[in-house]
Protein chains: 2
Amino acid sequence: MKLNQATDYAFRAVYYLSGLPKGQLVEAKLIAETEKIPLRFLLKILRSLAAAGIVESYRGVSGGYTLAKEPREITMKDVVEAVEGPIELNRCLVDPGECNKNHTAHCPLHQALFSIRQTLNKELASYNFADLGKN
Amino acid sequence: MKLNQATDYAFRAVYYLSGLPKGQLVEAKLIAETEKIPLRFLLKILRSLAAAGIVESYRGVSGGYTLAKEPREITMKDVVEAVEGPIELNRCLVDPGECNKNHTAHCPLHQALFSIRQTLNKELASYNFADLGKN
DNA sequence: ACAAAGTATACCCAATCGGTACAGTATATA
DNA sequence: TATATACTGTACCGATTGGGTATACTTTGT
């Protein structure tokens, strides 16, 4: 069970942007070089981050990217969800029809998984990009 | 980010075995039918569980499977790891060489991910198959 | 008008997932 | 001791996902 590589790159990109003066634009190319991320792939990831309202993009000659909100307002959970969608943990947490036993409500495994997912989400949400740098 | 289907089946199989009198053998076929798991696939999963010391197998005419230890001694983490290996969360947690920034030790993202993984592991380890049934 | 940025869509190869097939081995019982 | 029954091991298979690239296009500052 792991996060995918795109998510890792997204973490790095957002972390990089968090270290910049508020509102400063940076081209994808520079982020890519600094963070050693394939440029084309990074552009794709940045589009997801933009769609999720984490990053703002500006086109044209001196365009680039900047954070759409304060680093403190962006959590690791936000980034994960922007890139790979919500954490599912298990098919049957998403679609009860997928549960081949089909008695979700009184399935103790389901209950445990539900609670584990919740813990994981909370944990991811507890890290914001302002605090990440410090310590 | 999710657990795979084999792990889900493994949960169900172990849960099923946990509900049986200690030491009672059950054929894979019966587990498969009860839990609606493809038989061949279940057999494969059971081999992983046996290799991990969660389940014991007996061949021959009235063979089958039984838990290798008390339900209380088996956690969801044990089952996850038996089936899909340890939880990695991120490439660079496994192999520092994979970290394209290569300064793992002082990377705040790495530190956060490390801690998140730990929380997840603890959470998974907090559910054992004796308690799952009750409540 | 043109170069420098981002956008959109489509594609590609490799790895993993979910599962099956086949050939083999152990064992209880007739 | 033959045989049916149950597990084992390896190899395979089609579909999906992961990680990334290509191509064509749009926006914008100078």
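Chain letters run A, B, ... following the sequence lines, proteins first and then strands; every chain starts at 1. As the structure is a prediction and not an experimental result, all values here were calculated from the model.
The backbone N or O of B:Val14 sits less than 3.5 Å from a side-chain atom of B:Ser18, completing a donor-acceptor pair. Using modelled atom types, no side-chain atom of B:Glu84 and backbone atom of B:Thr7 make a donor-acceptor pair closer than 3.5 Å. Side-chain atoms of B:Thr75 never come within 3.5 Å of backbone atoms of B:Ser126 as a donor-acceptor pair (strictly under, hydrogens ignored).
The aromatic rings of B:Phe41 and B:Tyr9 stand perpendicular to each other, their planes meeting at an angle above 60°, with 30° marking the opposite boundary.
Within 6.0 Å of the NZ atom in A:Lys122, the count of heavy atoms belonging to other residues, nucleotides or ligands does not exceed 12. Within 6.0 Å of NZ in B:Lys29 there are 12 or fewer heavy atoms belonging to other residues, nucleotides or ligands.
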| task | Sugar-phosphate atoms are those with a prime plus P, OP1 and OP2; base atoms are the rest. Using that split, label each nucleotide of nucleotides 10-15 of chain D B, S or - for protein heavy atoms under 4.0 Å, 5' to 3'. | result | BB----

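Taking every heavy atom of residues 54-62 of chain A and every atom of DNA chain D, pairs under 4.0 Å involve A:Arg59, A:Gly60, A:Val61, A:Ser62, by number.
Rounded to an integer number of Å, the gap from CG of B:Leu25 to P of D:dC7 is 9 Å. Whole-Å rounding puts the A:Gln5 CD to D:dG18 C1' distance at 10 Å. The nearest whole Å value for the distance from the CG atom in B:Leu30 to the P atom in D:dA6 is 10 Å. One atom, CE of B:Met1, and another, C1' of D:dG18, lie 16 Å apart when rounded to the nearest Å.
Hydrophobic clustering (ILVMFWY, side-chain heavy atoms < 4.5 Å, transitive): A:Ile37 and A:Leu25 are in distinct clusters. Criterion: ILVMFWY side-chain heavy atoms under 4.5 Å apart, direct or through other members. Under it, B:Met1 and A:Leu89 are part of a common hydrophobic cluster.
Across A:Leu67, A:Asn128, A:Leu17, A:Leu132, a single residue satisfies side chain to side chain contact (heavy atoms under 4.5 Å, CB included) together with A:Ile74, and that is A:Leu67.
Across all strands, A:Ala28 comes closer than 4.0 Å only to sugar-phosphate atoms, never to a base (heavy-atom distances).
Annotation for B:Glu123 and A:Ser115: closest pair OE2-OG, 3.6 Å, computed over non-hydrogen atoms. The shortest non-hydrogen separation linking A:Met76 to B:Ala112 is SD-CB, 3.7 Å.
B:Tyr65 has a side-chain polar atom (N or O) that falls below the 4.0 Å cut-off from OP1 or OP2 of D:dT8.
Along DNA chain C, the stretch of nucleotides lying under 4.0 Å from any heavy atom of chain B spans, 5' to 3', C:dC17 to C:dA28.
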